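Before any comments, here is the structure.
What you see is a predicted model; the values in this text were computed from it and never measured. When a ligand or atom number is given, it counts from 1 through the structure's own listing order.
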Amino acid sequence: MQFDWLVVGAGLTGAVFANEAKRRGYRVLVAEKRGHIGGNVYTETCGGIEVHRYGAHIFHTSDSEVWEYANRFADFAPFINEPLARYGDKLYHLPFNMNTFYEMWGVTTPDEAKAIIDRQRSEIKGEPDNLEEQAISMVGRDIYETLVKGYTLKQWGKAPAELPASIIRRLPVRFTFNNNYFNDRWQGIPRHGYTKLVEALLDGIEVRLNTDYLAQRNTLTAAAGKILFTGPIDQYFDYRFGPLEYRSLRFETAEYPQQNFQGNAVINETAADVPYTRTIEHKHFAPGNQELQQHQHTVVTYEYPQPWTLGKEPFYPLNDARNTAILQQYQQAAKQEAMVCFGGRLGRYQYLDMDDTIRAALDLARDVL
Ligand code: FAD
């Protein structure tokens with residue numbers, strides 16, 4: 001046997017685990033089916049700008065061990081995510097805060113904003129039992145209609161009344177003029193992109209790109225003692241209990257010969273008749289890089305949600321009752337695979353932010369290495 005561990009997938013999960021295994025003296029091989037490392041956090045440089053190829057990625061955490069760990073592999077530049085929302089020809093601040101309430105109703109004090117929200121939320125009687133009711137009970141009907149309804153419809157392909165309330169229960173609502181989207185203690189973006197971070201994690205480890213484990217299962221399995229699989233768990237088992245469903249995304253990227261396209265990194269497009277949900281201007285992820293900010297060149301990505309079908313890139317798991325029941329069958333099957341662990345967002349069929357991904361990979365390494 002050539003390797004102690006075969007890690008399938010060179011995303012954040014696979015890279016952290018591979019690094020931990022190597023550090024403990026194991027011989028590790030990483031197999032990645034794409035032509036690049038990094039999985040969905042992959043960034044590539046375009047005219048000095050770090051372009052987030054699979055959607056905007058902002059690192060935020062309150063986990064000190066994870067923050068220290070990430071900083072060992074990348075130099076993080078400070079960044080505060082202060083997204084805007086566009087509806088028609090107006091812009092609103094997010095997350096919902098006094099700026100949003102001022103822009104929506106012209107109110108300037110928390111008491112005035114609370115009075116309007118209280119009046120509007122009174123249409124919801126009892127516990128909200130879907131996303132629409134949850135949103136109205138949090139911020140009232142005006143904000144629901146303008147900033148939540150169309151965006152949600154596009155994002156999930158379903159009416160908010162058909163979606164679980166839990167999707168937005170954790171969305172911040174603040175009665176202060178604070179536009180920081182995240183409540184976490186630390187927030188930043190690797191100065192040289194996430195790909196460099198993953199490169200540093202994989203330093204000294206053999207990585208085979210364009211290598212689909214499932215297409216070379218026998219040879220690759222024979223080469224290693226144990227396996228961490230970070231691909232889709234249902235695909236590993238040849239969909240024997242049926243495919244798990246996802247929501248997919250399509251990205252359209254354009255380069256413009258201008259210094260500043262929209263003045264902000266992220267603008268949510270909340271109107272139902274605009275087909276994309278977010279416009280990302282990548283240079284604004286590096287506000288401290290003055291030289292970059294001066295260039296007459298910018299890169300902009302439009303994010304289009306789309307239905308997922310087998311073969312399309314899976315993005316957001318649909319953790320409803322039907323898919324949870326299917327997942328449990330796969331999890332039972334996974335218990336019979338003595339030499340294989342399943343990890344990451346696809347192996348666990350769970351949306352995980354990057355900090356949760358690193359935390360889970362470090363915990364897994366502690367358990368099994
Ligand atoms: P992945 O990145 O998906 O890596 C899995 C890898 O396995 C892939 O490279 C894949 O090609 C490979 N693979 C699959 N099957 C096989 C196979 N058969 N053989 C070989 N290789 C295989 N998190 C944040 O903290 N902040 C954000 O702002 C943020 N924004 C996000 C925006 C979007 C649009 C999305 C979808 C996610 C966002 N995330 C964000 C979450 C972040 O992307 C994940 O935490 C992270 O990518 C998970 O890493 P992973 O390694 O588990 O999965």
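Between Arg359 and Asp355 there is no salt bridge, since no side-chain nitrogen of the basic residue lies less than 4.0 Å from a carboxylate oxygen of the acidic one.
Applying the side chain to side chain donor-acceptor pair (under 3.5 Å) definition to pairs two or more places apart or across chains, those involving residues 149-169 are Glu145-Lys149.
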Which pairs would a plain distance check flag for residues 232-240, meaning a side-chain donor or acceptor within less than 3.5 Å of a matching protein atom at least two apart in sequence or in another chain?
unit_1, atom_1, unit_2, atom_2, d
Asp234, OD2, Leu244, N, 2.8
Tyr236, OH, Glu337, OE1, 2.6

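Judged as a side chain to side chain contact (heavy atoms under 4.5 Å, CB included), and not counting sequence neighbours, the contacts of Thr298 are Tyr256, Gln258, Phe261, Glu281, Lys283, Val300.
Residues Val7 and Leu29 form no side-chain contact, since every pair of their non-hydrogen atoms from C-beta on lies 4.5 Å or further apart.
More than 12 heavy-atom neighbours from other residues, nucleotides or ligands sit within 6.0 angstrom of CD on Gln296.
Protein residues having at least one heavy atom under 4.0 Å from any atom of ligand 1 are Val8, Gly9, Gly11, Leu12, Thr13, Ala31, Glu32, Lys33, Arg34, Gly39, Asn40, Val41, Tyr54, Ala56, His57, Ile58, Thr211, Asp212, Tyr213, Leu214, Thr230, Gly231, Pro232, Leu249, Phe315, Tyr316, Gly344, Arg345, Leu346, Tyr351, Leu352, Asp353, Met354, Thr357, listed by chain and number.
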